[in-house]
Participant: 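For reference, the structure I am asking about is given below.
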There are 2 protein chains.
Amino acid sequence: MAQDDYHHGNLRQALLDAGEKLLEAEGVEGLSMRALARATGVSHAAPYRHFADKAELLAALAARGFARLAEALGAVAAAQLDDPQREYLVACRRYIELGMEAPAMYRLMFGQQQPGVGDQPELAEAGHAAFDALLGAMARGRAAGTLGNVSTEAQAMAVWSMVHGITELAISGRLAPCWQSPLEVLAFGERMCALLLSGLGGAKAGN
Amino acid sequence: MAQDDYHHGNLRQALLDAGEKLLEAEGVEGLSMRALARATGVSHAAPYRHFADKAELLAALAARGFARLAEALGAVAAAQLDDPQREYLVACRRYIELGMEAPAMYRLMFGQQQPGVGDQPELAEAGHAAFDALLGAMARGRAAGTLGNVSTEAQAMAVWSMVHGITELAISGRLAPCWQSPLEVLAFGERMCALLLSGLGGAKAGN
DNA sequence: AAAAAATGTTGACGCTGTCTACATGAAAAA
DNA sequence: TTTTTCATGTAGACAGCGTCAACATTTTTT
């Protein structure tokens with residue numbers, strides 16, 4: 001159970017922990033299999049006992065990111081704010097905030113093509129969970145009556161597109177000409193999401 | 001002037017041409033300096049006479065992408081549609097369309113941190129030109145009166161965030177649960193941009 | 001206690017980005 | 001025209017990377 005200097009005990013988790021740390025410290029281009037092996041004090045080929053290749057490790061890392069996102073959005077829901085519209089806005093804000101706090105991780109999460117069904121089920125599921133959390137916040141937040149002819153899922157996609165776009169642009173520094181501080185960006189994001197919610201009820205058609 | 005088997009003549013452009021081709025064919029991970037040298041029939045170190053390192057070449061490639069985007073949006077404006085609001089929507093649609101047509105290039109364009117002033121002036125300028133084209137379409141498209149207390153630039157950022165988010169999610173296949181075909185995605189994008197335009201006049205505050 | 005499975009190590013391979021030293025051709029200076 | 005200089009090519013080396021095969025050690029199962 002203690003480390004016996006040969007078998008590590010829980011290398012898989014250790015690799016992911018080190019990976020997360022290295023990811024934000026050095027960026028995704030500094031995240032190598034061998035660096036991870038070094039960071040966990042293990043030989044350079046040892047990680048391959050736990051991940052078939054680098055892509056699989058990155059997928060597992062991205063899945064962690066999605067899990068964290070889902071968790072954060074879930075925490076907002078659990079906070080039981082009195083106003084569901086306020087809850088929705090806080091969720092959107094939290095989404096953007098998380099992306100700005102861990103930009104390399106955020107990029108990694110969306111960097112790969114969405115994994116097919118059989119491909120990376122862990123990642124796909126984690127991504128879905130995060131999306132569902134956002135969808136839930138939106139569904140509760142919008143005026144209860146305004147379902148219109150637009151599916152809830154489509155409305156959630158609209159919100160997702162908005163917060164994703166803002167997060168990505170913020171990360172790459174392209175929002176800086178208008179809003180320098182993270183707080184300003186968050187305020188902008190919140191306004192946009194509010195606008196979206198009020199507009200989503202009627203104006204859209206199809207699906 | 002003809003190729004003398006030693007001096008290539010215009011290696012820089014040839015490298016960028018080959019790079020663009022290779023980018024969409026193999027993805028960004030298949031785009032190596034040496035592969036580019038091979039593709040242009042030149043030794044592996046020759047590219048370094050024209051680009052200090054790989055990052056510089058990628059930046060030049062991304063600048064090309066932005067130039068193409070600006071050009072496409074400019075073409076929409078030049079088409080002189082009678083209805084400026086229609087022109088705005090067509091521009092948004094075209095933006096998303098371009099990203100979906102050349103996903104690897106689109107990702108590359110936004111993959112790096114926005115270059116600082118002295119860093120990659122060519123890239124920065126190309127990016128600005130593209131943004132300005134989008135801004136112009138929006139400014140003409142919105143009801144002439146509704147300036148409100150929101151700056152034109154901030155409104156353009158909102159539109160940019162929207163189309164960028166949609167494009168990125170579409171590229172990564174995450175819109176597929178709702179809209180399978182590119183045409184459906186484009187229709188969705190157009191609806192969202194219309195919604196944004198109508199909402200931007202009044203609801204937003206700040207900056 | 002023996003066999004099997006899981007998990008580690010070592011060493012190799014080809015590929016990559018990039019550097020240095022050298023070669024060649026074109027343009028500028030003499 | 002000849003010579004020098006400069007831009008641009010080549011060859012070869014280096015370290016780091018992902019990955020594989022062969023082997024070692026520990027744990028688990030029989």
Side-chain angles (χ1 to χ4, degrees), chain A residues 1-23 25-62 104 108 111-113 115 119-120 123, chain B residues 1-23 25-62 104 108 111-113 115 119-120 123:
Chain A
M1 236 153 270
Q3 61 244 56
D4 18 33
D5 260 26
Y6 198 93
H7 278 61
H8 180 285
N10 200 359
L11 183 53
R12 188 189 161 92
Q13 297 306 314
L15 285 168
L16 292 176
D17 290 345
E20 228 168 331
K21 221 167 290 177
L22 201 57
L23 185 57
E26 309 282 340
V28 71
E29 72 280 357
L31 187 72
S32 73
M33 285 300 220
R34 294 172 103 111
L36 248 36
R38 259 172 267 137
T40 50
V42 103
S43 83
H44 65 261
Y48 287 87
R49 296 292 159 184
H50 301 271
F51 301 97
D53 52 22
K54 189 179 182 181
E56 201 172 296
L57 187 149
L58 291 180
L61 223 39
L108 177 66
Q112 286 117 341
Q113 211 71 2
D119 221 16
Q120 300 277 13
L123 211 190
Chain B
M1 231 156 274
Q3 63 242 56
D4 18 34
D5 261 26
Y6 198 93
H7 279 60
H8 181 284
N10 199 358
L11 184 53
R12 189 189 159 92
Q13 296 307 314
L15 285 168
L16 293 176
D17 290 345
E20 227 169 331
K21 220 167 289 177
L22 201 57
L23 186 57
E26 309 282 341
V28 72
E29 73 278 355
L31 187 71
S32 74
M33 285 301 220
R34 295 173 103 110
L36 246 36
R38 260 172 265 137
T40 50
V42 103
S43 84
H44 66 263
Y48 287 87
R49 295 292 161 185
H50 302 271
F51 302 96
D53 52 20
K54 188 178 182 182
E56 203 172 293
L57 188 149
L58 291 181
L61 224 40
L108 177 65
Q112 286 116 339
Q113 210 73 2
D119 221 17
Q120 301 276 10
L123 211 190

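A note on names: the letters A, B, ... follow the listed sequences, proteins ahead of strands, and every chain is numbered from 1.
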Participant: When rounded to the nearest 0.5 angstrom, what distance separates CG in B:Leu61 from CG in B:Asp17?
Facilitator: 9.5 Å

Participant: Kindly compute the distance separating CG (B:Leu123) from CG (B:Leu58), expressed to the nearest 0.5 Å.
Facilitator: 10.0 Å

Participant: Rounded to whole Å, how long is the line connecting atom CG of A:Asn10 with atom C1' of C:dA6?
Facilitator: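 The distance from CG of A:Asn10 to C1' of C:dA6 comes to 14 Å, rounded to the nearest Å.
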
Participant: Report the distance from atom CG of A:Leu11 to atom C1' of D:dT25, rounded to the nearest whole Å.
Facilitator: 15 Å

Participant: Between protein and nucleotides 12-21 of chain D, map the contacts as a letter string: B base, S sugar-phosphate only, - none, heavy atoms under 4.0 Å, written 5' to 3'.
Facilitator: BB---BBBB-

Participant: Apply salt bridge (Lys or Arg N to Asp or Glu O under 4.0 Å) to A:Asp53 and list each qualifying residue two or more places apart in sequence or on a separate chain.
Facilitator: none

Participant: What side-chain donor-acceptor pairs closer than 3.5 Å can you find for residues 30-51 of chain B, not counting sequence neighbours?
Facilitator:
unit_1  : atom_1 : unit_2  : atom_2 : d
B:Ser32 : OG     : B:Ala35 : N      : 2.9
B:Thr40 : OG1    : B:Leu36 : O      : 2.9
B:Thr40 : OG1    : B:Ala37 : O      : 3.2

Participant: Let's see if you get this right: which residues in residues 14-22 of chain B place a heavy atom under 4.0 Å from DNA chain C?
Facilitator: none

Participant: Roughly how far apart are B:Leu23 CG and B:Glu20 CD, rounded to 0.5 Å?
Facilitator: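 Going from the CG atom of B:Leu23 to the CD atom of B:Glu20 covers 7.5 Å.
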
Participant: For B:Asn10, which residues count as a side chain to side chain donor-acceptor pair (under 3.5 Å) partner, sequence neighbours excluded?
Facilitator: none

Participant: How would you list, by chain and number, every residue that makes a side chain to side chain donor-acceptor pair (under 3.5 Å) with A:Gln13, sequence neighbours excluded?
Facilitator: A:Arg64

Participant: Just the rounded figure in Å: distance from C1' of D:dT8 to NE2 of B:His50.
Facilitator: 6 Å

